[in-house]
Amino acid sequence: DWGYTDDNGPSTWAEKYPLAAGARQSPVDIDTSKATSDNSLVDREIDWSYPSNCSYRIVNTGYGWRVDTYGDDTALSGGPLSEVYKLEQFHCHWGATNDEGSEHTVDGKSYAAELHLVHWNSEKYSSFKEAASQPDGLAVLGVFMEIGNADNAELEKIISLIPKIIHKGQDSQASFDLDFGSLLPESKHYWTYLGSLTTPPCNECVIWTVFKEPITISERQLEVFRSLKSVGEEDAIEPEEGKLVKNYRPPLPLGNRVLRECGP
Ligand SMILES: NS(=O)(=O)c1ccc(O)c(NC(=O)NCCCCO)c1
Ligand SMILES: [Zn+2]
């Protein structure tokens with residue numbers, strides 16, 4: 001199966017997942033000198049609403065942790081989006097050391113981690129699965145995470161559940177109240193471009209919105225992410241083996257795609 005090690009990592013994905021070799025792949029390096037700030041975005045602020053009780057399950061996918069959400073009362077609109085999208089799940093990507101880990105980079109700079117809030121176009125399509133096969137099917141918000149001294153209190157609610165899902169396939173049906181506002185940066189300034197899922201099957205179905213301002217996470221909190229395992233409990237391996245110390249895809253060429261920005 002695919003993964004992030006030398007023998008099953010991003011450079012091998014196209015063998016089994018041909019879309020991974022497409023011209024609209026994600027992530028990309030955000031070359032800020034290439035970003036255009038045309039008027040089409042300036043008066044269309046990106047808007048979201050997430051009830052605090054919409055998270056109901058955290059699962060170890062073998063590729064990281066993922067929080068599944070009830071999308072009914074959620075909404076993401078505005079900015080580059082022409083329809084209202086509903087929150088499906090959110091998850092994170094990180095590296096083995098703090099100088100890597102984000103998927104998007106900014107002028108070649110990596111952040112320590114990157115949070116993805118995954119939404120689907122429920123106005124045009126009848127399911128997440130159907131939307132994931134459409135060019136405007138998904139809208140993912142990318143939030144850079146940099147190391148700070150303080151713990152991120154909202155992330156702590158997620159981190160406290162990680163010890164229950166150390167092995168692939170484990171989940172915790174904890175419905176936990178999250179203030180999503182503090183998982184998003186204060187500034188709504190962002191870059192946006194058309195891209196793909198950053199993991200196999202790498203469908204080219206995502207309208208990406210990457211916020212310019214990072215949020216902070218503590219080193220201790222990031223270490224907890226790295227304690228997750230990519231193998232199941234039944235896989236008899238050495239205790240230190242199978243750790244998910246990194247799960248990010250390096251950037252792909254932007255090619256002739258347009259990169260737009262909103263806000264300085
Ligand atoms: N990183 S991303 O672009 O925001 C992203 C958003 C939604 C997704 O569905 C995937 N990929 C995915 O589900 N792959 C199936 C096997 C993984 C097990 O969970 C990636
Ligand atoms: Zn992701």
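Order of listing sets the numbers, starting from 1, for every ligand and every atom in it. This is a predicted model, so every value here is computed, not measured.
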I need the nearest protein heavy-atom contact for [atom]: residue, atom name and distance, please.
atom: atom 20 (C) of ligand 1; value: T199 OG1, 3.7 Å
atom: atom 19 (O) of ligand 1; value: R66 NH1, 3.4 Å
atom: atom 9 (O) of ligand 1; value: F128 CZ, 3.8 Å
atom: atom 14 (N) of ligand 1; value: P200 O, 3.0 Å
atom: atom 8 (C) of ligand 1; value: L197 CD2, 3.9 Å

Against the six-membered ring of W48, is K188 placed for a cation-pi contact (under 6.0 Å from the centre, within 45° of the normal)?
yes
Kindly indicate whether a cation-pi arrangement holds for K124 with Y85, taking the cut-offs as under 6.0 Å to the six-membered ring centre and within 45° of the axis.
no
Between V84 and F90, is there a shared hydrophobic cluster once you connect ILVMFWY residues whose side-chain heavy atoms come closer than 4.5 Å?
no
At under 4.0 Å between heavy atoms, which part of W120 makes contact with ligand 1: side chain, backbone, both or neither?
neither
Honestly, for V118 the part within reach of ligand 1 (heavy atoms, under 4.0 Å) is side chain
Heavy-atom distance from atom 4 (O) of ligand 1 to the protein below 4.0 Å?
yes
Return yes or no for this condition: an N or O of H91 is under 3.5 Å from an N or O of ligand 1.
yes
N/O separation below 3.5 Å, W208 to ligand 1
no
Against H104, only a single residue in Y190, F211, Y111, Y193 fulfils ring pair (Phe, Tyr, Trp, His ring centres under 6.0 Å); can you say which?
Y193
Looking at T198, L117, V206, the heavy atom closest to atom 2 (S) of ligand 1 belongs to T198
Can you tell me if Y125 and D136 form a side-chain donor-acceptor pair at under 3.5 Å?
yes
Protein-derived N, O or S atoms lying less than 2.8 Å from the Zn ion (ligand 2), waters not counted, sum to 3
For Y63, the ligand 1 atoms whose distance to one of its heavy atoms is below 4.0 Å
17 (C), 18 (C)
